[in-house]
Amino acid sequence: MPSASGTPTGKLPFVVWVLAVGTFLMGTTEFVIAGLLPEMAADLNVSVSHAGLLITAFAVGMIVGGPTMAMATLRLPQRHTLVGALAVFALGHAVAALSTSFTVVLTARVVTALATGAFWAVGFVIATTAAGPARSTRAVGVMMGGLTLANVIGVPIGSFVGHYTGWRGPFWALAALAALAAAFVGRFIPRTEQRAEVSVRAEVRALKQGRLWLALGAAVLIMGGVLAVYTYITPLLTDRAGIPAGAVPLVLIAFGIGALGGTAIGGRLGDRRPMVTTITASAATSLILLALISASNSPVAAVVLVFGMALAGFTVNPVVTSLAVRFAGDAPTLTSALTTSGYNTGIAAGSLVAGRALDSSLGLTGPALVGAVFAALTLLPLAALALGGTGHRTRIVAQRAAAAPVRDDDAFTPAHH
């Protein structure tokens, strides 16, 4: 039976899978540095904790650039925005690969992040619009599945290749793949224009809802908790758990499999039981990170806990993303960008604080403690959302009055604005 979006019930539109390809590349570039940090630090003549700023800088670029680029391209055809973002992404990696200056590489990371923010903001809107109300969280889960699949395949392969070719090899590969992806996206994304009725005023007006900021707050905190640990996972695994440097990519694969599984769980359960899913997963993430502090001196325990951290932490992501986009109603583009900014605010804050903790007396276990605190704090905005009441039905992105009833929203939207 066809849905309101014209796609048979239970199946997602092909465009959602196309967008997942783009998020795969962008997820790879954001996180691959975690596996290349010691090599980049040595080559660019900076400390490991200072090299961690390359992850922080990318996150900051997305924090600022996501909403800015979303508004700047609001009236452009969405297809043009996506292709342009991928082209800038490719150029940024080429510049970084050619440079021997830490400052230039840092700047290239920020520019690349601006393009990534624009791609994700528009991509989430296209995916949720195409999927329709009943499958919006699943569509977000598939798009974010591209991000988490990057941790299963892209990041470990990039880390492995980087150990043999130097960190520039993965950067050149990402530049070439992004150029191919631009052609691919240009071919398969529908040639539709942005709606004339979309306005900056409507987009800003959607931000007045308190529940939207609660969802964004949860996005900030859960990602900050997981990435505080992930940013400095290599020294934890090699210097504390005693895992050989050559085996670190295998542990990153375990993290990626956990992240992929968590995204799939959140995508499947989030439409039906969003608050139970997110609260349970956030609490589990905090407990796992606390266990990592004492158990990370065992190689087996460290690998198991890194997998569990990803599984629990990434379960939250598609749910809070879908919540935020739903709360925006018919003006979702800025909200989508702010969701991406929220995740990257968490990444920037988590990696920055974790770097300070790493250099403190806490040493290698400092990032895990920072992550546990961030994950525990995620429970505060989630509890506020759960206690907000039920009853009001929010329209999905770009779905007008003709759309099917959004029964799934009853479980998590409050009775009044």
Side-chain angles (χ1 to χ4, degrees), residues 31 34 144 148 151 214-215 217-237 240-241 243 251-270 273-321 323 342-343 346-347 349-351 353-354 356-358 360 362-387:
F31 301 126
M144 298 187 79
T148 51
N151 288 298
L214 290 172
V220 170
L221 291 166
I222 193 61
M223 189 57 75
V226 174
L227 267 294
V229 181
Y230 188 77
T231 298
Y232 299 102
I233 195 68
T234 298
L236 177 72
L237 295 174
R240 181 168 170 81
I243 295 174
V251 183
L252 298 182
I253 291 175
F255 176 90
I257 292 172
L260 189 62
T263 302
I265 291 170
R268 288 289 182 179
L269 300 181
R273 298 182 179 276
M275 302 321 305
V276 172
T277 301
T278 52
I279 289 173
T280 301
S282 298
T285 303
S286 184
L287 293 174
I288 289 168
L289 292 178
L290 286 174
L292 187 62
I293 295 172
S294 59
S296 57
N297 54 0
S298 164
V300 174
V303 173
V304 171
L305 290 171
V306 167
F307 169 82
M309 168 186 74
L311 182 70
F314 276 77
T315 297
V316 180
N317 295 350
V319 186
V320 294
T321 299
L323 288 177
Y343 286 125
I347 293 172
S351 62
V353 177
R356 299 295 179 268
L358 181 68
S360 74
L362 294 170
L364 294 172
T365 61
L369 179 59
V370 171
V373 172
F374 270 64
L377 290 175
T378 307
L379 295 170
L380 297 179
L382 292 176
L385 275 174
L387 294 173

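All values derive from a computational prediction rather than experimental measurement.
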Compile the donor-acceptor pairs under 3.5 Å between side chains in residues 365-377 and protein atoms, sequence neighbours left out, one pair per line.
unit_1, atom_1, unit_2, atom_2, d
Thr365, OG1, Leu362, O, 3.1

Check: If you look at every heavy atom in Thr231 and Leu227, which pair is closest and at what distance?
Finding: OG1-O, 2.7 Å
Note to self: Just to verify, what does Thr285 make a side-chain hydrogen bond (donor to acceptor under 3.5 Å, both in side chains) with, not counting sequence neighbours?
What the structure shows: none
Item checked: Non-hydrogen atoms of Arg240 and Ser296 that approach each other most closely -> NE-OG, 2.6 Å
Notebook entry, point to check: CD1/Ile288 to CD1/Ile293 distance, rounded to the nearest 0.5 angstrom?
Noted result: 13.0 Å
Next item on the list: Start with the C-alpha distance between Ile233 and Leu252, add both sets of side-chain angles, then the distance that settles side-chain contact (heavy atoms from CB on, under 4.5 Å), and finish with yes or no.
Entry: CA-CA 9 Å; Ile233 195 68; Leu252 298 182; 3.9 Å; yes
Item checked: Close side-chain approach of Ile222 and Thr278, heavy atoms under 4.5 Å -> no
Notebook entry, point to check: Would Val226 and Phe255 count as a side-chain contact (heavy atoms from CB on, under 4.5 Å) if you check the C-alpha gap in whole Å, the side-chain angles of each, and the deciding distance to 0.1 Å?
Noted result: CA-CA 11 Å; Val226 174; Phe255 176 90; 3.9 Å; yes
Item checked: Point-to-point distance, once rounded to the nearest 0.5 Å, from OH of Tyr232 to OG of Ser351 -> 6.0 Å
Margin query: Set out, in order, the CA-CA distance, both residues' side-chain angles and the distance that settles side-chain contact (heavy atoms from CB on, under 4.5 Å) for Leu221 and Leu380, then state yes or no.
Written below: CA-CA 10 Å; Leu221 291 166; Leu380 297 179; 5.9 Å; no
Sequence neighbours excluded and cut-off under 3.5 Å, please list the side-chain donor-acceptor pairs for residues 302-320, or say none.
unit_1, atom_1, unit_2, atom_2, d
Thr315, OG1, Gly262, O, 3.3
Thr315, OG1, Leu311, O, 2.7

Checklist line | Contact summary for Ala241 and Pro299, nearest pair of heavy atoms | finding: O-CG, 3.1 Å
Notebook entry, point to check: So, for Gly225 and Leu289, which heavy atoms are closest and what is the spacing to 0.1 Å?
Noted result: O-CD1, 3.8 Å
Notebook entry, point to check: Quick check: are there more than 12 heavy atoms from other residues, nucleotides or ligands sitting under 6.0 Å from CZ of Arg268?
Noted result: no
Check: Looking at Met275 and Leu382, what are the two nearest heavy atoms and their distance?
Finding: CE-O, 3.3 Å
